[in-house]
Amino acid sequence: MTTRFSTQVFGAGGLLSRAYPGFELRPGQIRMSEAVAAAIENGRHLIMEAPTGTGKTFAYLVPAIESGRKVVVSTGTKNLQEQLFFKDLPRLEQALGRPVRAAYMKGRDNYLCIKRFREFEENPLFEEMDEAGFHGTLADWSRTTGTGDRGELEELPESLRVWDRINARADVCLGQRCPDFEECYLTRMRRQAADAQIVVVNHHLLMADLLLKEHAFGQVIPEYSVLILDEAHSLEDVATMHLGRTISSRQVAELADDLSRAMGAGLEGREAERLRLDKVRETARGFFGLFRQQEGRFALETYRHDELWGAAGAALREALSLCLPMAREAAEGSSGPGEEAMPSLVARLSDQTATLDLVFAPERAPYPVVTWGEARGRSIALSASPIDVSGPLRGMLFSQVPTAVLTSATLAIEGSFSFVRSRLGIDEATDLILESPFDAASQAILYVPRGFPEPRHESFMPRFVEEVRAMLAITSGRAFILFTSFANLRRAREALAGTIPWPLLAQGDAPRRALLDRFRATPGAVLLATSSFWHGVDVQGDALSLVVIDKLPFDVPSDPIVAARIESLKRGGGNPFIEYQIPAAVIDLKQGLGRLIRSRQDRGVLAVMDARLTTRPYGRAFINSLPPYRLVHDLEAVGRFFAAAR
């Protein structure tokens, strides 16, 4: 795409400004579009930091469309994915004056399974009684939906457990053996993607597709020559999740129940087979019961030499293994209502047995892994996760696709991409850091109070709450109070409830989207939230004038994955604090503070209540990576700035 064409689209009097009178000329957008076009034309990778307000979505979509090549755009969140497909692409079509062949793909867990929902309707049992109220909503929607995408049901809670019983998840999918294959929402989605030039996915689906291709199990996303990774800062976490393996108490229980249902009458008079399934349930209860005292995430290394753990794990593995011949025999020679399900059940049995083997013998993994567990309500999950995803990503992705464009508002640390390169395995790429179109010095100030207790001190939370009340009085509410832990959120909520005159909202009170809508619609609202609200949240205008962060967002060093990465860097002679912990925290802080200034009209206060930002030498890495906000240390300065900004 030539400079002339880029100017014709983005420049003054260009296609976009003619289609949308409020469209602004942004030199950074033109520069970015030309860089993307050059990367596509020359078959090179490109890493770009494009600050909020650059207009990065249009900047990469226009050259992608003009290239005529098959392009996959992968986003870090489903919210951005939906905005891109349902809002940005239609606007571009209108501006360019021609249709764009585009398709939209999510992970299969997001889609309704026609067969499973029909079976559920025959016996609609709910594990959680308070979910029964959604039965009518789901039934009505199932008869009218054209996509089967649960995203159409905004009122559906993200944690709805019954969805696992009716969605199209991989481990229960019958594929072409399914009687509903032709009508399946996944089948329709894949056909649309095959015909499209631009395919919009998210990082979770991208990783699932890469793994299918790696193991020669096929593919979900059609072949492409250009990949654009938006919100690329989140790719490492998503890759860590998908490159690992997990076995949970709930998975094993569901497998035993599904085997019983599929074999049905075939088990009548076959006492040995029934006993095998009962043995799976019994040994699973004993094995996972060893972890009932645990909370949150925990390392499995402490169990490694525990004879009880070893014996219980061996018993579960043997019970699963004894079911395999039975299931294979049923899959090869069975007939009846459960016949078509048996091959997928055999695959699930094999997968859970292999995962259990990996949990007990992580040295067998193709790359170094850490084993860990997590208590999730009434379920216990045990996982083996990669310590370093750079090698797998280099081999599966960056060495395979001719052009990968990585972009985000938060990729650089003190003007360098070395951190993201090392974490993701990118050896060769063009670098570009764009200037922000906003005037950071006049639009916002950064408040870091002097003499504030450090986060671990017992006086931190009382002082934090006191300071928050004072800032809210200045801004009349209209604030995000962002926390690095649920524990601090709960303590702050208890202290603030009933003591401030502004509506208090908190993460968990409603689904994320509904909570944000409520915040935007409620004058003076104050929202308390943790990590998921640090990313991808856009509130423009007067509804948000204050963002407070409780402390520098260092990963918890006791987290099993973080601890393993720290130890790995130490063994390699590196400095994990400098090379890993600080850069990761810098990117998270940039994400959190980036919630405030979303347009040239926005004004407000950014507050980091962590004195280490100015008292510790490493604080400079944070300050130098942020936009040039004016730094203040007293509430009087905050008040003066806010009064002048009105």
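A quick note: this is a predicted structure, and the numbers were derived from the prediction, not measured. Along the sequence shown, residues are numbered consecutively beginning with 1.
Qualifying side chain to side chain contact (heavy atoms under 4.5 Å, CB included) partners for Thr353, counting only residues two or more places apart in sequence or in other chains: Arg317, Leu320, Ser321, Asp357. For Arg161, the side chain to side chain contact (heavy atoms under 4.5 Å, CB included) partners two or more places apart in sequence, or in a different chain, are Glu127, Glu128, Glu131, Arg250, Arg378. Legend: residues meeting ring-ring contact (aromatic ring centres under 6.0 Å, His included) with Phe85, ordered by chain and number and at least two apart, are Tyr104. With sequence neighbours excluded, the residues satisfying salt bridge (charged side-chain N to carboxylate O under 4.0 Å, His left out) with Lys106 are Glu82, Asp149. Contacts of Phe120 classified as ring-ring contact (aromatic ring centres under 6.0 Å, His included), with partners at least two apart in sequence or in another chain: Phe126. For Arg285, there are no salt bridge (charged side-chain N to carboxylate O under 4.0 Å, His left out) partners two or more places apart in sequence or in a different chain. Residues passing the side chain to side chain contact (heavy atoms under 4.5 Å, CB included) test with Gln94, sequence neighbours excluded: Tyr20. Partners of Asp237 by salt bridge (charged side-chain N to carboxylate O under 4.0 Å, His left out), not counting sequence neighbours: none found. In terms of the side chain to side chain contact (heavy atoms under 4.5 Å, CB included) criterion, residue partners of Arg245 (sequence neighbours excluded) are, by chain and number, Asp351, Ala354, Thr355, Leu358. Listed by chain and number, the residues in a salt bridge (charged side-chain N to carboxylate O under 4.0 Å, His left out) with Glu49 are Lys590 (sequence neighbours excluded). Every ring-ring contact (aromatic ring centres under 6.0 Å, His included) that Phe480 has, sequence neighbours left out, goes to Phe519.
Under a 4.0 Å N-O distance rule, the pair Arg281/Asp257 qualifies as a salt bridge. Of the charged side-chain nitrogens involved, none lies within less than 4.0 Å of a carboxylate oxygen, so that Arg118 and Glu183 do not count as a salt-bridged pair. Salt bridge absent: Arg150 and Asp109 never bring a charged side-chain N and a carboxylate O closer than 4.0 Å. Looking at Asp180 and Lys115, no side-chain N of the basic residue comes within less than 4.0 Å of a carboxylate O on the acidic one, giving no salt bridge. In this structure, Lys213 pairs ionically with Asp209, as a charged nitrogen and a carboxylate oxygen lie closer than 4.0 Å. The residues Asp230 and Lys56 are annotated as salt-bridged, a charged nitrogen and a carboxylate oxygen being separated by less than 4.0 angstrom.
For the pair Glu93 (side chain) and Arg98 (backbone), a donor-acceptor distance under 3.5 Å is absent. At distances below 3.5 Å, not a single donor-acceptor pair connects side-chain atoms of Glu231 with backbone N or O atoms of Thr75. Looking only at distances, a side-chain donor or acceptor of Arg116 sits under 3.5 Å from a matching main-chain atom of Asp164. Listed for the Gln197 side chain is a donor-acceptor partner under 3.5 Å among the backbone atoms of Ala64. The backbone N or O of Met32 lies less than 3.5 Å from no partner atom in the side chain of Tyr60, so there is not a single donor-acceptor pair. For the pair Arg190 (side chain) and Met105 (backbone), a donor-acceptor distance under 3.5 Å is absent.
Put simply, the side chain of Leu528 does not reach to within 4.5 Å of the side chain of Leu505, judged on heavy atoms. You'll find the side chain of Thr246 stays beyond 4.5 Å of the side chain of Leu382, heavy atoms only. Counting heavy atoms from C-beta outward, Leu153 and Leu138 have side chains that approach closer than 4.5 Å. Taking 4.5 Å as the limit, some side-chain heavy atom of Leu89 sits within range of a side-chain heavy atom of Val200. Contact check for Met207 versus Leu393: side-chain heavy atoms found under the 4.5 Å cut-off. Put simply, the side chain of Ile221 reaches to within 4.5 Å of the side chain of Val201, judged on heavy atoms. Considering only heavy atoms from C-beta on, Phe533 comes within 4.5 Å of Leu516 through its side chain. Taking 4.5 Å as the limit, some side-chain heavy atom of Ile40 sits within range of a side-chain heavy atom of Arg69.
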Could you pull out every donor-acceptor pair under 3.5 Å between side chains of residues 397-408 and any protein atom, sequence neighbours left out?
| unit_1 | atom_1 | unit_2 | atom_2 | d |
| --- | --- | --- | --- | --- |
| Ser399 | OG | Arg394 | O | 2.8 |
| Ser399 | OG | Gly395 | O | 3.1 |
| Gln400 | NE2 | Gly395 | O | 3.2 |
| Thr403 | OG1 | Ala39 | O | 3.2 |
| Thr407 | OG1 | Met48 | O | 3.4 |
| Ser408 | OG | His233 | ND1 | 2.8 |
| Ser408 | OG | Thr410 | N | 3.0 |
| Ser408 | OG | Thr410 | OG1 | 3.4 |

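Between Glu374 and Ser383, the side chains place no donor N or O within less than 3.5 Å of an acceptor N or O (distance only, hydrogens not considered).
Among Ile166, Thr145, Leu186, Asn167, the one residue that satisfies the side chain to side chain contact (heavy atoms under 4.5 Å, CB included) test with Tyr111 is Leu186.
A cation-pi arrangement is absent between Arg595 and Trp534, since the terminal nitrogen or guanidinium carbon is not both under 6.0 Å from the aromatic centre and inside a 45° cone about the axis.
When all heavy atoms of Leu206 and Tyr224 are compared, the pair lying nearest together is CD1-OH, 3.6 Å.
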